[in-house]
Amino acid sequence: MELVVFGLASAGALAGGIGVIASRPPVRSALSLLLVLGSLAIMYLLLAAQFIAALQVIIYAGAIVVLFLFVIMLLHMRSGEGRVEKLRWQGPVSYVLAGLFLAALLYAIWTGAGPHMAEPAPGFGTAESVGRSLFTKFLLPFEVASIVLLVGIIAAVVVGRPLAPP
Amino acid sequence: MSASDLWSIVPELWLAGLAIFLLLVDLLTARKSLVGVVAVMGLLLSIIPIGSLLTQGARTVIFGSYAVDGFAVFFKILTVIATALVVLAAIDWLPGRSQYEGEFYALLVFTALGLVLMAASTDIILLALSIEFVSLTSYVLAGYLKGDVKSNEAGVKYFLYGAAASAVMLFGFSILYGLTGSTNLYEIARRVANAPLPALYLSIALMLSGFGFKISMVPFHQWTPDVYEGAPTPVAAYLSVASKAAGFAALVRMLMVVVDPGRLNWILLIAVLSAVSMTLGNLLALPQRNIKRMLAYSSISHAGFLLIGVAAFRGDFGTPGLLIYLLGYMFTQLGAFFVAALIGQQLGTDDIPDYAGLSRRAPVSALLMAVFMLSLTGFPPTSVFIGKFYVLAGAIDNGLLWLAIVGVVNSVISLYYYAGVIRAMYVMPAASTVPLREPAALQVALGIAGLGTLLIGLYPQPIIDLARSAVLLLRI
């Protein structure tokens, strides 16, 4: 049963991933991303990390993809048109390199899986353990993240405001 | 966590508070140079809490996620000095070019905070966050001149390269976490010996792309000339010095704490990357006419030199040499960029042939530029000479004689293009003899850079002692 669900979820994630990079209209890419994120949420559930699965659906699928769609709607009135392919030899080379990278990854997984892998602590991925580690072990990263967000806002104001007329 | 943990991160809290305070000052005053002056004073004051850390023992604080050791303190000092100098230079350079002057200084101080965090992180989540932090502000600073097409190009290019490099690096981090089940560097170091080698190699290779991007190491260097050319000159100076130094700090901490216990042969990898960076950077710098592009390629080649210090980390010379090199290079490279900023502002050009006759039009700046160029080549008695001497000694000490020879050959090659600038300034006839105006704050920044370059070259002992103590404390 678990294997069937895993197979479906990973097939969905792969299909979505290909959809993100292969589809021409940006809207379709964004919706394919939704498929990827949804499938990942199922995988988190399989790994008994319910809270992370819920966060994945709420934050990524809920907020971020919706934001993407809004941006596409606002900016890209004529979506997917007028794209001129300027890359010639880079295309095939990138396929070869990506293939090599895939081979390296598969080899690493093949030789890497084994009993040395660390077991997650009991209760890993529940709301309680996430909250606890967020306010103890990861307190500093948590606070730094809030400063990064503040800086992001300032940066967005600087970048986003149009130039004043001279 | 205890209250003493909070005392140990007072420098970081101070920098965060200073940046927010600068935003408030910017809101209240119409004289934007005041914001810059407040920034410089605040940065100088932060030396006090940083210095008080020097006397304390090495340890990690806040649940082991943050290092308080000599290594981190060294990079705090370096970052604060570099930021203060860049702010000083920008006070004269920026007015009239951007309507967001106050935010510029605040963003620089925020970047300094990110760099300080990057050099002291002992948790890969904090490390990833601080690298993102620095990248975010750097993208914006590189594209700060919104009306300037080249600056826009620099910002976008830096962003695209940086986002890709960060993503790859995070993938490497995630593999490392998967292999060891911990995000804490010291915890990972304890478990990494049991990890399978292929996966570990893959993880290191992926992580190197992120660090390599920050230090502009070949083959992750392509962004460097375009970004340095387009970015505001003080920002280019900052990226080539502070961002590179923090990248080296993170790389060294990662390699020595985490990777070294893992039975990997990483030294050869770093040595080869170092040789390639030195040679390629130098050869590409030879035909450059634009001073900022030339300095960009030379910074790639200096990244190669600094990597010698990383590869030759055993013994008494390699890592101290790296730190001395970084400090000396900071003064010299900042100075060279400040002269470029001055000329760019006064003459409106960045082309080296336009530096003709500078020795008569701006004698002080020309003399300092000559000193910086000689220092970048590695002539005694200048700061980069001491750094080069130490890293080359480290290479020989570690049995990497071939790398030392590549380094010496590259120093000789680099003389050609550095001397080209001196030749233009002192030998070529001037197009006009009108003396150039040399703005006050920029002159002060230039003077400090020149003084640092010469002082470290003439009397390096205190810096050597500082670097030695910084290295001793690295491994807790």
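Reminder, nothing fancy here: chain letters follow the sequence lines and each chain counts from 1. Keep in mind that this is a model prediction, so the values were computed, not measured. Note that these values count all heavy atoms, side chains included, but never hydrogens, waters or copies made by symmetry.
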Between [X] and chain A, with a heavy-atom cut-off of 4.5 Å, which part of the residue counts as in contact: side chain, backbone, both or neither?
X	value
B:Thr183	side chain
B:Tyr100	side chain
B:Leu206	side chain
B:Leu23	side chain
B:Tyr139	neither

Greatest number of non-hydrogen atom pairs under 4.5 angstrom with chain A, of B:Leu107, B:Leu141, B:Leu136, B:Leu197, falls to B:Leu136
Of the listed residues (B:Ala16, B:Ala205, B:Ser98, B:Pro198), which shares the most heavy-atom pairs with chain A below a 4.5 Å separation? B:Pro198
Among B:Phe21, B:Tyr105, B:Phe104, side chain to side chain contact (heavy atoms under 4.5 Å, CB included) partner for B:Val35: B:Tyr105
Calculate, to the nearest 0.5 Å, the distance between atoms CG and OG1 belonging to B:Leu200 and A:Thr111 respectively. 11.0 Å
Hydrogens and angles aside, do B:Thr122 and B:Tyr66 bring a side-chain donor and acceptor to less than 3.5 Å of each other? no
May I ask you to decide if the ring planes of A:Phe101 and B:Phe171 are parallel, tilted or perpendicular, using 30° and 60° as cut-offs? perpendicular
Atom pairs and distances, donor-acceptor, side-chain atoms in residues 135-163 of chain A, under 3.5 Å, two or more places apart:
{"from": "A:Thr136", "atom 1": "OG1", "to": "A:Arg132", "atom 2": "O", "distance (Å)": "2.8"}
{"from": "A:Ser146", "atom 1": "OG", "to": "A:Glu143", "atom 2": "O", "distance (Å)": "2.5"}

A side-chain contact here means heavy atoms from C-beta on lying under 4.5 Å apart; do B:Leu179 and B:Pro196 qualify? yes
